[in-house]
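Reviewing the structure listed below.
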Amino acid sequence: MLYRIPRGVNDILPDQIAAWQQAEANFQKLCRLYNYEEVRTPIFEQTELFVRAVGEDTDIVAKEMYTFEDRSARSLTLRPEGTAPVVRAYLENSLQGQDPDRLVKLYYIAPIFRYDRPQAGRYRQHHQAGAEAIGSPEPEVDAEIIQLSLDFFASLGLKEVTLLLNSVGCPQCRPTYIKALKRHIEPHLDEMCSDCQRRYDANPLRLLDCKNQTCRQILEQAPSMLDMLCEECAVHFDTLKQTLDLLDIAYNIDPHIVRGLDYYTKTAFEFVAPGLGTQDSIGGGGRYDGLIEECGGPPTPAVGVGIGLERTLIAQEAAGVAQPEPAREGVFVVTIGAPAWPEGLKLLAQLRAAGLPAEIDYRRRSVRAQLRYADGEGCRWAAILGEDEIRSQTVTLRNMVSGEQDSIRQSELIDRLSAEL
RNA sequence: GUGGGCGUAGCUCAAAGGUAGAGCACUUGACUGUGGCUCAAGUGGUUGGGGGUUCGAAUCCCCUCGCCCACCCCA
(Lines give C-alpha, C1' and ligand atoms only; values in the text may rest on other atoms or scores of the structure.)
Protein backbone atom coordinates (compact mmCIF):
# COMPACT_ATOMS: atom_id res chain seq x y z
CA MET A 1 0.00 0.00 0.00
CA LEU A 2 1.52 3.29 -1.13
CA TYR A 3 -0.59 5.82 0.68
CA ARG A 4 -2.31 5.91 4.01
CA ILE A 5 -4.80 8.33 5.45
CA PRO A 6 -3.16 11.16 7.43
CA ARG A 7 -3.00 10.75 11.17
CA GLY A 8 -6.08 11.50 13.24
CA VAL A 9 -8.59 11.76 10.39
CA ASN A 10 -11.18 9.26 9.20
CA ASP A 11 -12.93 7.96 6.14
CA ILE A 12 -16.68 7.68 6.58
CA LEU A 13 -17.50 4.51 4.69
CA PRO A 14 -20.77 3.30 3.12
CA ASP A 15 -21.71 1.14 6.11
CA GLN A 16 -21.57 4.19 8.40
CA ILE A 17 -23.38 6.57 6.10
CA ALA A 18 -26.89 5.69 7.29
CA ALA A 19 -26.02 6.81 10.83
CA TRP A 20 -24.48 10.05 9.57
CA GLN A 21 -27.38 10.85 7.28
CA GLN A 22 -29.83 10.17 10.07
CA ALA A 23 -27.97 12.52 12.42
CA GLU A 24 -27.69 15.24 9.80
CA ALA A 25 -31.31 14.91 8.73
CA ASN A 26 -32.57 15.01 12.32
CA PHE A 27 -30.54 18.10 13.07
CA GLN A 28 -31.75 19.88 9.95
CA LYS A 29 -35.34 18.95 10.67
CA LEU A 30 -35.13 20.25 14.23
CA CYS A 31 -33.47 23.46 13.11
CA ARG A 32 -36.31 24.09 10.69
CA LEU A 33 -38.74 23.36 13.51
CA TYR A 34 -37.00 25.95 15.69
CA ASN A 35 -36.71 28.38 12.76
CA TYR A 36 -32.94 28.31 12.32
CA GLU A 37 -31.59 28.72 8.78
CA GLU A 38 -28.58 26.98 7.34
CA VAL A 39 -25.31 28.79 6.55
CA ARG A 40 -22.27 27.32 4.88
CA THR A 41 -19.01 29.15 5.38
CA PRO A 42 -15.58 28.30 3.92
CA ILE A 43 -13.45 25.75 5.71
CA PHE A 44 -10.69 28.33 6.08
CA GLU A 45 -10.68 31.93 7.25
CA GLN A 46 -8.12 34.62 7.94
CA THR A 47 -6.04 33.39 10.86
CA GLU A 48 -6.63 36.65 12.68
CA LEU A 49 -10.37 35.97 12.97
CA PHE A 50 -9.79 32.94 15.17
CA VAL A 51 -6.95 34.48 17.13
CA ARG A 52 -9.16 37.46 17.96
CA ALA A 53 -12.39 35.55 18.58
CA VAL A 54 -11.17 32.45 20.39
CA GLY A 55 -8.38 34.16 22.31
CA GLU A 56 -4.62 34.18 22.00
CA ASP A 57 -4.06 32.33 25.27
CA THR A 58 -6.36 29.43 24.53
CA ASP A 59 -4.93 26.01 23.67
CA ILE A 60 -6.91 26.05 20.44
CA VAL A 61 -5.12 29.12 19.15
CA ALA A 62 -1.78 28.54 20.83
CA LYS A 63 -1.16 24.99 19.65
CA GLU A 64 -4.03 23.38 17.80
CA MET A 65 -4.68 25.36 14.65
CA TYR A 66 -3.94 24.22 11.11
CA THR A 67 -2.44 27.49 9.89
CA PHE A 68 -0.81 27.97 6.50
CA GLU A 69 0.16 30.68 4.08
CA ASP A 70 -1.37 30.82 0.64
CA ARG A 71 0.67 31.73 -2.41
CA SER A 72 0.24 35.42 -1.70
CA ALA A 73 1.54 35.03 1.86
CA ARG A 74 -1.87 35.51 3.48
CA SER A 75 -2.15 33.60 6.73
CA LEU A 76 -5.16 31.30 6.64
CA THR A 77 -6.47 28.77 9.16
CA LEU A 78 -8.66 25.72 8.81
CA ARG A 79 -11.76 26.35 10.93
CA PRO A 80 -11.01 25.17 14.51
CA GLU A 81 -14.52 26.03 15.77
CA GLY A 82 -17.83 27.01 14.26
CA THR A 83 -18.94 30.24 15.85
CA ALA A 84 -16.36 32.76 14.63
CA PRO A 85 -16.97 32.07 10.92
CA VAL A 86 -20.72 32.41 11.41
CA VAL A 87 -20.25 35.72 13.22
CA ARG A 88 -17.95 36.90 10.42
CA ALA A 89 -20.53 35.96 7.79
CA TYR A 90 -23.29 37.60 9.83
CA LEU A 91 -21.38 40.88 9.95
CA GLU A 92 -19.97 40.80 6.44
CA ASN A 93 -23.40 40.20 4.90
CA SER A 94 -25.33 42.45 7.30
CA LEU A 95 -27.73 39.67 8.16
CA GLN A 96 -29.24 41.79 10.92
CA GLY A 97 -30.67 44.05 8.18
CA GLN A 98 -32.16 47.38 9.20
CA ASP A 99 -33.36 46.21 12.58
CA PRO A 100 -30.52 46.35 15.13
CA ASP A 101 -32.48 44.13 17.55
CA ARG A 102 -33.34 41.49 15.02
CA LEU A 103 -32.76 37.91 16.19
CA VAL A 104 -30.88 36.02 13.49
CA LYS A 105 -30.96 32.25 13.95
CA LEU A 106 -28.45 30.20 11.97
CA TYR A 107 -27.25 26.61 11.91
CA TYR A 108 -24.45 24.68 10.26
CA ILE A 109 -23.02 21.19 9.91
CA ALA A 110 -19.34 21.52 9.19
CA PRO A 111 -15.92 19.90 9.52
CA ILE A 112 -13.70 21.29 12.26
CA PHE A 113 -9.89 20.97 12.35
CA ARG A 114 -7.67 20.84 15.39
CA TYR A 115 -4.10 19.61 15.60
CA ASP A 116 -4.48 17.55 18.75
CA ARG A 117 -3.13 14.17 19.72
CA PRO A 118 -5.65 11.67 18.36
CA GLN A 119 -7.53 9.47 20.78
CA ALA A 120 -10.87 7.68 20.80
CA GLY A 121 -13.45 10.42 20.26
CA ARG A 122 -10.78 12.99 19.44
CA TYR A 123 -9.77 13.53 15.85
CA ARG A 124 -7.89 16.11 13.84
CA GLN A 125 -10.92 16.56 11.64
CA HIS A 126 -14.30 16.18 13.24
CA HIS A 127 -17.77 17.43 12.43
CA GLN A 128 -19.95 19.76 14.40
CA ALA A 129 -23.61 20.52 14.11
CA GLY A 130 -24.07 23.98 15.54
CA ALA A 131 -26.74 26.59 16.07
CA GLU A 132 -26.28 30.29 16.77
CA ALA A 133 -28.90 32.82 17.87
CA ILE A 134 -27.50 36.29 17.28
CA GLY A 135 -29.18 39.47 18.51
CA SER A 136 -31.02 38.62 21.70
CA PRO A 137 -29.85 39.03 25.32
CA GLU A 138 -32.78 37.03 26.68
CA PRO A 139 -32.05 33.90 28.75
CA GLU A 140 -35.06 32.20 27.14
CA VAL A 141 -32.98 32.04 23.97
CA ASP A 142 -30.24 30.22 25.90
CA ALA A 143 -32.92 27.76 26.94
CA GLU A 144 -34.09 27.38 23.35
CA ILE A 145 -30.58 26.49 22.19
CA ILE A 146 -30.31 23.93 24.99
CA GLN A 147 -33.69 22.46 24.22
CA LEU A 148 -32.88 22.17 20.53
CA SER A 149 -29.69 20.28 21.43
CA LEU A 150 -31.49 17.93 23.80
CA ASP A 151 -34.22 17.28 21.23
CA PHE A 152 -31.47 16.33 18.81
CA PHE A 153 -29.89 13.86 21.22
CA ALA A 154 -33.30 12.39 22.02
CA SER A 155 -34.11 12.02 18.32
CA LEU A 156 -31.09 9.73 18.03
CA GLY A 157 -32.18 7.59 20.96
CA LEU A 158 -29.68 9.05 23.43
CA LYS A 159 -31.39 8.92 26.80
CA GLU A 160 -28.59 9.50 29.28
CA VAL A 161 -27.36 12.92 28.26
CA THR A 162 -26.53 15.19 31.17
CA LEU A 163 -26.64 18.98 30.95
CA LEU A 164 -23.93 20.74 32.94
CA LEU A 165 -24.64 24.41 33.51
CA ASN A 166 -22.61 27.36 34.71
CA SER A 167 -22.26 31.10 34.39
CA VAL A 168 -18.87 32.60 33.70
CA GLY A 169 -19.98 36.18 34.30
CA CYS A 170 -19.33 39.21 32.17
CA PRO A 171 -16.68 41.94 31.80
CA GLN A 172 -18.33 43.75 34.76
CA CYS A 173 -18.17 40.99 37.35
CA ARG A 174 -15.48 38.65 36.08
CA PRO A 175 -12.50 40.89 36.97
CA THR A 176 -13.78 41.13 40.55
CA TYR A 177 -14.07 37.38 40.68
CA ILE A 178 -10.63 36.79 39.21
CA LYS A 179 -9.19 39.14 41.80
CA ALA A 180 -10.89 37.14 44.58
CA LEU A 181 -9.77 33.85 43.02
CA LYS A 182 -6.16 34.98 42.81
CA ARG A 183 -6.30 36.27 46.36
CA HIS A 184 -7.40 32.82 47.49
CA ILE A 185 -4.73 31.00 45.49
CA GLU A 186 -1.76 33.24 46.00
CA PRO A 187 -0.68 31.78 49.38
CA HIS A 188 -0.73 28.24 47.86
CA LEU A 189 0.73 29.10 44.50
CA ASP A 190 4.05 27.32 45.00
CA GLU A 191 2.22 24.08 45.90
CA MET A 192 0.36 24.05 42.60
CA CYS A 193 1.32 22.36 39.36
CA SER A 194 3.47 24.19 36.84
CA ASP A 195 0.55 24.59 34.47
CA CYS A 196 -1.48 26.33 37.12
CA GLN A 197 1.40 28.60 38.06
CA ARG A 198 1.51 29.72 34.46
CA ARG A 199 -2.27 30.04 34.22
CA TYR A 200 -2.31 32.17 37.37
CA ASP A 201 -1.11 35.10 35.30
CA ALA A 202 -2.08 34.09 31.77
CA ASN A 203 -5.65 32.82 32.18
CA PRO A 204 -6.71 32.45 35.83
CA LEU A 205 -10.23 31.18 35.04
CA ARG A 206 -8.67 28.07 33.55
CA LEU A 207 -7.30 27.21 37.01
CA LEU A 208 -10.77 25.96 37.86
CA ASP A 209 -10.74 22.89 35.69
CA CYS A 210 -7.28 21.63 36.60
CA LYS A 211 -7.45 17.89 37.32
CA ASN A 212 -4.34 17.79 39.53
CA GLN A 213 -5.11 16.48 43.05
CA THR A 214 -3.41 19.18 45.09
CA CYS A 215 -4.67 21.93 42.82
CA ARG A 216 -8.20 20.61 43.21
CA GLN A 217 -7.91 20.65 46.98
CA ILE A 218 -6.71 24.21 46.99
CA LEU A 219 -9.53 25.19 44.65
CA GLU A 220 -12.19 23.46 46.69
CA GLN A 221 -12.38 26.33 49.11
CA ALA A 222 -11.97 28.91 46.36
CA PRO A 223 -14.80 31.38 45.88
CA SER A 224 -17.33 30.44 43.20
CA MET A 225 -18.07 32.66 40.25
CA LEU A 226 -21.73 31.97 40.86
CA ASP A 227 -21.54 33.76 44.23
CA MET A 228 -19.99 36.84 42.73
CA LEU A 229 -22.10 37.47 39.63
CA CYS A 230 -23.16 41.04 39.12
CA GLU A 231 -26.86 41.86 39.34
CA GLU A 232 -27.42 41.51 35.61
CA CYS A 233 -25.61 38.17 35.29
CA ALA A 234 -27.30 36.77 38.40
CA VAL A 235 -30.75 37.65 37.09
CA HIS A 236 -29.89 36.16 33.71
CA PHE A 237 -28.73 32.91 35.31
CA ASP A 238 -31.79 32.71 37.58
CA THR A 239 -34.16 33.30 34.71
CA LEU A 240 -32.42 30.65 32.63
CA LYS A 241 -32.76 28.13 35.44
CA GLN A 242 -36.44 29.01 35.88
CA THR A 243 -37.02 28.64 32.17
CA LEU A 244 -35.34 25.24 32.12
CA ASP A 245 -37.48 24.20 35.10
CA LEU A 246 -40.55 25.40 33.26
CA LEU A 247 -39.59 23.28 30.26
CA ASP A 248 -38.81 20.24 32.44
CA ILE A 249 -35.16 20.26 31.44
CA ALA A 250 -32.90 18.80 34.11
CA TYR A 251 -29.45 20.30 34.70
CA ASN A 252 -26.51 20.03 37.06
CA ILE A 253 -24.86 23.23 38.16
CA ASP A 254 -21.13 22.78 37.66
CA PRO A 255 -18.98 25.81 38.49
CA HIS A 256 -16.01 24.13 36.85
CA ILE A 257 -17.42 24.36 33.34
CA VAL A 258 -15.20 27.06 31.92
CA ARG A 259 -14.96 26.23 28.21
CA GLY A 260 -11.82 26.64 26.21
CA LEU A 261 -12.84 29.67 24.23
CA ASP A 262 -12.40 33.13 25.65
CA TYR A 263 -15.49 34.66 24.09
CA TYR A 264 -18.01 33.12 26.45
CA THR A 265 -19.97 35.35 28.82
CA LYS A 266 -22.72 34.49 31.29
CA THR A 267 -24.13 31.09 30.31
CA ALA A 268 -21.71 28.21 29.67
CA PHE A 269 -22.96 24.66 29.29
CA GLU A 270 -21.87 21.22 28.23
CA PHE A 271 -23.58 17.94 27.38
CA VAL A 272 -21.96 14.72 28.56
CA ALA A 273 -22.90 11.16 27.66
CA PRO A 274 -21.76 7.75 28.92
CA GLY A 275 -19.74 5.32 26.85
CA LEU A 276 -17.06 7.68 25.59
CA GLY A 277 -14.35 7.20 28.18
CA THR A 278 -12.64 10.41 29.10
CA GLN A 279 -13.78 12.34 26.01
CA ASP A 280 -17.34 12.35 27.26
CA SER A 281 -18.47 15.78 26.14
CA ILE A 282 -20.73 15.47 23.12
CA GLY A 283 -21.59 19.14 22.84
CA GLY A 284 -21.17 22.48 24.46
CA GLY A 285 -21.81 26.13 24.09
CA GLY A 286 -22.85 29.30 25.77
CA ARG A 287 -23.44 32.98 25.44
CA TYR A 288 -20.96 35.26 23.73
CA ASP A 289 -22.29 38.78 24.22
CA GLY A 290 -18.99 40.48 23.43
CA LEU A 291 -17.84 38.61 20.36
CA ILE A 292 -19.70 40.49 17.64
CA GLU A 293 -18.37 43.79 18.91
CA GLU A 294 -14.90 42.25 19.23
CA CYS A 295 -15.16 41.37 15.53
CA GLY A 296 -15.93 44.96 14.59
CA GLY A 297 -19.73 44.92 14.70
CA PRO A 298 -22.18 46.77 16.91
CA PRO A 299 -22.67 45.48 20.47
CA THR A 300 -24.82 42.39 19.84
CA PRO A 301 -25.65 39.66 22.36
CA ALA A 302 -25.68 36.06 21.12
CA VAL A 303 -25.76 32.45 22.23
CA GLY A 304 -24.88 29.20 20.50
CA VAL A 305 -24.06 25.53 20.71
CA GLY A 306 -21.72 23.12 18.95
CA ILE A 307 -22.39 19.39 18.90
CA GLY A 308 -19.69 16.86 18.03
CA LEU A 309 -21.16 14.42 15.54
CA GLU A 310 -18.46 11.73 15.82
CA ARG A 311 -18.90 11.64 19.58
CA THR A 312 -22.66 11.71 19.31
CA LEU A 313 -22.51 8.66 17.04
CA ILE A 314 -20.10 6.90 19.41
CA ALA A 315 -22.48 7.59 22.29
CA GLN A 316 -25.34 6.29 20.18
CA GLU A 317 -23.47 3.07 19.51
CA ALA A 318 -22.43 2.74 23.16
CA ALA A 319 -26.06 3.15 24.17
CA GLY A 320 -26.92 0.25 21.88
CA VAL A 321 -29.22 2.27 19.64
CA ALA A 322 -29.91 0.05 16.63
CA GLN A 323 -29.74 1.52 13.18
CA PRO A 324 -32.88 0.77 11.22
CA GLU A 325 -32.37 -2.00 8.64
CA PRO A 326 -32.39 -0.51 5.16
CA ALA A 327 -35.63 -1.48 3.48
CA ARG A 328 -35.34 -4.03 0.71
CA GLU A 329 -35.89 -2.26 -2.57
CA GLY A 330 -34.73 -2.48 -6.10
CA VAL A 331 -34.85 -4.98 -8.90
CA PHE A 332 -32.10 -7.37 -9.89
CA VAL A 333 -32.05 -8.37 -13.52
CA VAL A 334 -31.02 -12.01 -13.84
CA THR A 335 -30.01 -13.18 -17.31
CA ILE A 336 -29.58 -16.76 -18.39
CA GLY A 337 -27.55 -17.50 -21.49
CA ALA A 338 -25.96 -15.26 -24.12
CA PRO A 339 -29.18 -14.23 -25.98
CA ALA A 340 -30.65 -12.93 -22.75
CA TRP A 341 -27.72 -10.62 -21.95
CA PRO A 342 -28.57 -7.74 -24.35
CA GLU A 343 -32.23 -8.06 -23.40
CA GLY A 344 -31.21 -7.80 -19.76
CA LEU A 345 -29.19 -4.66 -20.40
CA LYS A 346 -32.17 -3.06 -22.15
CA LEU A 347 -34.49 -4.02 -19.30
CA LEU A 348 -32.01 -2.63 -16.77
CA ALA A 349 -32.02 0.73 -18.56
CA GLN A 350 -35.82 0.77 -18.79
CA LEU A 351 -36.18 0.09 -15.07
CA ARG A 352 -33.79 2.87 -14.17
CA ALA A 353 -35.45 5.28 -16.59
CA ALA A 354 -38.73 4.55 -14.81
CA GLY A 355 -37.16 5.53 -11.50
CA LEU A 356 -36.78 1.99 -10.20
CA PRO A 357 -33.43 1.16 -8.55
CA ALA A 358 -31.96 -1.70 -10.57
CA GLU A 359 -28.81 -3.77 -10.79
CA ILE A 360 -27.36 -6.56 -12.93
CA ASP A 361 -24.42 -8.95 -12.58
CA TYR A 362 -21.88 -7.77 -15.13
CA ARG A 363 -19.83 -10.88 -14.44
CA ARG A 364 -22.52 -13.00 -16.12
CA ARG A 365 -22.24 -15.84 -13.63
CA SER A 366 -24.58 -18.73 -12.93
CA VAL A 367 -28.18 -18.08 -12.00
CA ARG A 368 -27.32 -19.31 -8.55
CA ALA A 369 -24.53 -16.78 -8.16
CA GLN A 370 -26.69 -13.98 -9.59
CA LEU A 371 -29.48 -14.66 -7.12
CA ARG A 372 -27.03 -14.85 -4.23
CA TYR A 373 -25.59 -11.54 -5.37
CA ALA A 374 -29.09 -10.06 -5.63
CA ASP A 375 -29.81 -11.23 -2.09
CA GLY A 376 -26.59 -9.72 -0.79
CA GLU A 377 -27.35 -6.42 -2.48
CA GLY A 378 -30.66 -6.28 -0.67
CA CYS A 379 -32.83 -6.39 -3.77
CA ARG A 380 -36.54 -6.91 -3.31
CA TRP A 381 -37.23 -8.37 -6.74
CA ALA A 382 -35.42 -10.50 -9.23
CA ALA A 383 -36.51 -10.14 -12.85
CA ILE A 384 -35.37 -13.32 -14.59
CA LEU A 385 -34.79 -13.39 -18.33
CA GLY A 386 -33.93 -16.66 -20.07
CA GLU A 387 -34.69 -18.37 -23.35
CA ASP A 388 -38.27 -19.20 -22.34
CA GLU A 389 -39.05 -15.64 -21.27
CA ILE A 390 -37.58 -14.11 -24.42
CA ARG A 391 -39.58 -16.45 -26.61
CA SER A 392 -42.81 -15.58 -24.86
CA GLN A 393 -42.07 -11.88 -24.27
CA THR A 394 -42.40 -12.39 -20.52
CA VAL A 395 -40.23 -12.08 -17.47
CA THR A 396 -40.18 -14.24 -14.35
CA LEU A 397 -40.63 -11.91 -11.42
CA ARG A 398 -39.39 -13.34 -8.16
CA ASN A 399 -40.10 -11.81 -4.79
CA MET A 400 -36.81 -12.05 -2.90
CA VAL A 401 -38.49 -11.83 0.48
CA SER A 402 -41.22 -14.45 0.11
CA GLY A 403 -39.59 -16.52 -2.61
CA GLU A 404 -42.79 -16.48 -4.66
CA GLN A 405 -42.52 -15.91 -8.37
CA ASP A 406 -44.73 -15.72 -11.40
CA SER A 407 -44.53 -15.03 -15.07
CA ILE A 408 -45.70 -11.64 -16.35
CA ARG A 409 -45.60 -9.85 -19.67
CA GLN A 410 -42.54 -7.68 -20.24
CA SER A 411 -44.77 -4.78 -21.19
CA GLU A 412 -46.45 -4.90 -17.77
CA LEU A 413 -43.32 -5.20 -15.66
CA ILE A 414 -42.66 -1.51 -15.06
CA ASP A 415 -46.26 -0.72 -14.13
CA ARG A 416 -46.39 -3.70 -11.80
CA LEU A 417 -43.13 -2.78 -10.02
CA SER A 418 -43.93 0.94 -9.87
CA ALA A 419 -47.11 0.06 -8.04
CA GLU A 420 -45.26 -2.17 -5.60
CA LEU A 421 -42.10 -0.20 -4.81
C1' G B 1 3.21 17.91 23.74
C1' U B 2 4.16 13.52 27.95
C1' G B 3 3.62 8.34 29.57
C1' G B 4 1.80 3.27 28.63
C1' G B 5 -0.62 -0.91 25.62
C1' C B 6 -1.24 -3.00 20.81
C1' G B 7 -0.45 -3.74 15.09
C1' U B 8 -0.93 -11.41 11.89
C1' A B 9 -6.12 -13.02 5.66
C1' G B 10 -11.72 -8.51 3.93
C1' C B 11 -13.45 -9.09 9.58
C1' U B 12 -12.63 -11.38 14.72
C1' C B 13 -8.49 -13.69 16.55
C1' A B 14 -4.59 -18.19 17.31
C1' A B 15 0.55 -19.40 16.63
C1' A B 16 5.62 -17.06 22.77
C1' G B 17 12.93 -18.75 18.18
C1' G B 18 11.67 -24.14 14.10
C1' U B 19 6.52 -25.56 7.63
C1' A B 20 1.96 -18.73 9.12
C1' G B 21 -3.42 -21.14 11.13
C1' A B 22 -8.91 -21.18 12.65
C1' G B 23 -13.88 -19.18 12.51
C1' C B 24 -16.76 -15.82 9.70
C1' A B 25 -16.85 -13.77 4.78
C1' C B 26 -15.82 -14.70 -0.48
C1' U B 27 -15.62 -18.19 -5.04
C1' U B 28 -17.04 -22.92 -7.10
C1' G B 29 -19.65 -27.47 -6.73
C1' A B 30 -23.43 -31.01 -4.70
C1' C B 31 -28.52 -28.54 -7.44
C1' U B 32 -27.83 -28.54 -16.84
C1' G B 33 -32.79 -22.15 -15.15
C1' U B 34 -33.45 -20.18 -8.85
C1' G B 35 -30.77 -16.70 -3.13
C1' G B 36 -31.30 -17.64 2.41
C1' C B 37 -30.26 -23.85 5.33
C1' U B 38 -26.62 -27.96 4.91
C1' C B 39 -22.13 -30.37 3.16
C1' A B 40 -17.46 -30.33 0.35
C1' A B 41 -13.46 -28.06 -2.07
C1' G B 42 -10.92 -23.64 -3.24
C1' U B 43 -9.05 -18.38 -3.37
C1' G B 44 -6.89 -15.16 -0.06
C1' G B 45 -0.65 -12.97 3.89
C1' U B 46 5.71 -8.64 1.86
C1' U B 47 2.82 -10.92 10.00
C1' G B 48 2.08 -2.03 9.49
C1' G B 49 7.09 -0.37 7.27
C1' G B 50 12.63 -0.34 7.64
C1' G B 51 17.04 -2.17 9.87
C1' G B 52 19.62 -5.60 13.32
C1' U B 53 20.66 -10.39 16.28
C1' U B 54 20.34 -15.73 14.76
C1' C B 55 21.61 -21.66 11.05
C1' G B 56 16.47 -19.97 11.46
C1' A B 57 12.28 -14.16 13.52
C1' A B 58 5.13 -12.96 13.52
C1' U B 59 8.00 -14.08 18.08
C1' C B 60 14.15 -10.97 20.56
C1' C B 61 16.54 -5.69 19.83
C1' C B 62 16.53 -0.64 17.47
C1' C B 63 14.07 3.01 14.41
C1' U B 64 9.59 4.55 12.15
C1' C B 65 4.26 4.84 11.04
C1' G B 66 -0.62 3.92 12.84
C1' C B 67 -4.50 2.71 16.35
C1' C B 68 -6.02 2.41 21.49
C1' C B 69 -5.67 4.14 26.83
C1' A B 70 -4.32 7.89 30.42
C1' C B 71 -2.44 13.00 31.06
C1' C B 72 -3.69 17.39 28.54
C1' C B 73 -7.50 19.53 25.78
C1' C B 74 -12.23 19.57 23.98
C1' A B 75 -16.70 18.18 20.17
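A, B, ... follow the sequence lines: proteins, then strands. Residue 1 opens every chain.
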Rounded to the nearest angstrom, tell me the gap between atom [atom1] in [X] and atom [atom2] in [N].
X        : N      : atom1 : atom2 : answer
A:Asp116 : B:rC74 : CG    : C1'   : 7 Å
A:Glu81  : B:rA75 : CD    : P     : 9 Å
A:Ile314 : B:rC67 : CD1   : P     : 14 Å
A:Gln370 : B:rU32 : CD    : P     : 15 Å
A:Glu270 : B:rC74 : CD    : P     : 9 Å
A:Gln16  : B:rC11 : CD    : P     : 13 Å
A:Leu13  : B:rC11 : CG    : C1'   : 13 Å

Considering only residues two or more places apart or on different chains, which pairs with a residue in [range] satisfy salt bridge (Lys or Arg N to Asp or Glu O under 4.0 Å)?
range                       : value
residues 286-297 of chain A : A:Arg52-A:Glu294, A:Asp142-A:Arg287, A:Lys266-A:Asp289, A:Arg287-A:Asp289
residues 29-38 of chain A   : A:Glu38-A:Arg40
residues 336-348 of chain A : A:Glu343-A:Lys346

What residues form a side-chain contact (heavy atoms from CB on, under 4.5 Å) with A:Tyr123, not counting sequence neighbours?
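Listed in chain order: A:Asn10, A:Glu310, A:Ile314.
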Pairwise [atom1] distance for [N] and [M], with rounding to whole Å:
N      : M      : atom1 : answer
B:rA15 : B:rU2  : C1'   : 35 Å
B:rU46 : B:rC11 : P     : 12 Å
B:rA41 : B:rC6  : C1'   : 36 Å
B:rG51 : B:rC67 : P     : 24 Å
B:rA57 : B:rG49 : P     : 15 Å
B:rC63 : B:rU59 : P     : 16 Å
B:rC60 : B:rC72 : C1'   : 34 Å
B:rG7  : B:rG45 : C1'   : 15 Å

Is the count of non-hydrogen atoms from other residues, nucleotides or ligands lying under 6.0 Å from [X] atom [atom1] greater than 12?
X        : atom1 : answer
A:Tyr115 : OH    : no
A:Phe44  : CZ    : no
A:Glu56  : CD    : no
A:Glu387 : CD    : no

Mind checking salt bridge (Lys or Arg N to Asp or Glu O under 4.0 Å) for A:Asp15 and listing every partner two or more places apart, or none if nothing turns up?
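A:Asp15 satisfies salt bridge (Lys or Arg N to Asp or Glu O under 4.0 Å) with no residue once adjacent residues are dropped.
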When the side chains of residues 155-164 of chain A are checked against the rest of the protein, which donor-acceptor pairs come out under 3.5 Å, sequence neighbours left out?
{"unit_1": "A:Ser155", "atom_1": "OG", "unit_2": "A:Asn26", "atom_2": "ND2", "d": "3.0"}
{"unit_1": "A:Ser155", "atom_1": "OG", "unit_2": "A:Phe152", "atom_2": "O", "d": "2.7"}

The contact string for nucleotides 40-45 of chain B, one letter per nucleotide 5' to 3', using protein heavy atoms under 4.0 Å with B, S and - for base, sugar-phosphate only and none, comes out as ------
Please figure out whether A:Cys379 or A:Tyr264 has its closest RNA chain B nucleotide nearer the 5' end.
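Nearer the 5' end of the strand: A:Cys379.
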Most 5' of A:Leu385 and A:Tyr123 on RNA chain B, judged by nearest nucleotide
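Closer to the 5' end of RNA chain B: A:Leu385.
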What pattern of brackets, bars and dots sums up RNA chain B from 5' to 3', given Watson-Crick or G-U wobble pairs under 3.5 Å, [ ] for crossing pairs and | for another strand?
(((((((..((((....[..)))).(((((.......))))).....(((((..]....))))))))))))....
Counting only side-chain nitrogens and oxygens, does A:Arg4 get under 4.0 Å of the OP1 or OP2 atom of B:rG48?
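No, A:Arg4 has no side-chain N/O under 4.0 Å of OP1/OP2 on B:rG48.
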Below 4.0 angstrom from OP1 or OP2 of B:rA70, is there any side-chain N or O of A:Gln119?
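Checking B:rA70 against A:Gln119, a side-chain N or O does come within under 4.0 Å of OP1 or OP2.
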Protein-nucleotides 3-5 of chain B N/O pairs under 3.5 Å:
{"unit_1": "B:rG3", "atom_1": "O6", "unit_2": "A:Arg117", "atom_2": "NH2", "d": "3.3"}

Between side-chain atoms of residues 401-413 of chain A and protein atoms elsewhere (two or more places apart, or another chain), which donor-acceptor pairs fall under 3.5 Å?
{"unit_1": "A:Ser402", "atom_1": "OG", "unit_2": "A:Glu404", "atom_2": "N", "d": "3.2"}
{"unit_1": "A:Gln405", "atom_1": "OE1", "unit_2": "A:Arg398", "atom_2": "NH1", "d": "2.9"}
{"unit_1": "A:Gln410", "atom_1": "NE2", "unit_2": "A:Thr394", "atom_2": "O", "d": "3.0"}

Heavy-atom pair of closest approach, residues A:Tyr251 and A:Ile249
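Taking A:Tyr251 first and A:Ile249 second, the nearest heavy atoms are CD2-O, 3.4 Å.
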Which of parallel (below 30°), tilted (30 to 60°) and perpendicular (above 60°) describes A:Phe269 and A:Phe271?
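Perpendicular: the ring planes of A:Phe269 and A:Phe271 meet at over 60°.
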Measure all distances between protein nitrogen or oxygen atoms and nitrogen or oxygen atoms of nucleotides 28-30 of chain B, and list the pairs falling under 3.5 Å.
{"unit_1": "B:rU28", "atom_1": "OP2", "unit_2": "A:Arg372", "atom_2": "NH2", "d": "2.9"}
{"unit_1": "B:rA30", "atom_1": "N6", "unit_2": "A:Arg368", "atom_2": "NH2", "d": "2.9"}

Residues of residues 276-291 of chain A with any non-hydrogen atom less than 4.0 angstrom from an atom of RNA chain B: list those, numerically ordered, please.
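Within this stretch, A:Thr278, A:Gln279, A:Ser281, A:Ile282, A:Gly283, A:Gly284 sit under 4.0 Å of the strand.
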Would the base of B:rG1 count as contacting A:Glu64 through its side chain, where contact means a donor and an acceptor less than 3.5 Å apart?
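No.
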Could you tell me whether A:Asp375 and A:Arg372 have a side-chain N and a carboxylate O separated by less than 4.0 Å?
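A:Arg372 and A:Asp375: not salt-bridged.
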Lys/Arg-Asp/Glu bridge criterion (N-O < 4.0 Å) met for A:Glu64, A:Arg124
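A salt bridge is absent here (no side-chain N lies under 4.0 Å from a carboxylate O).
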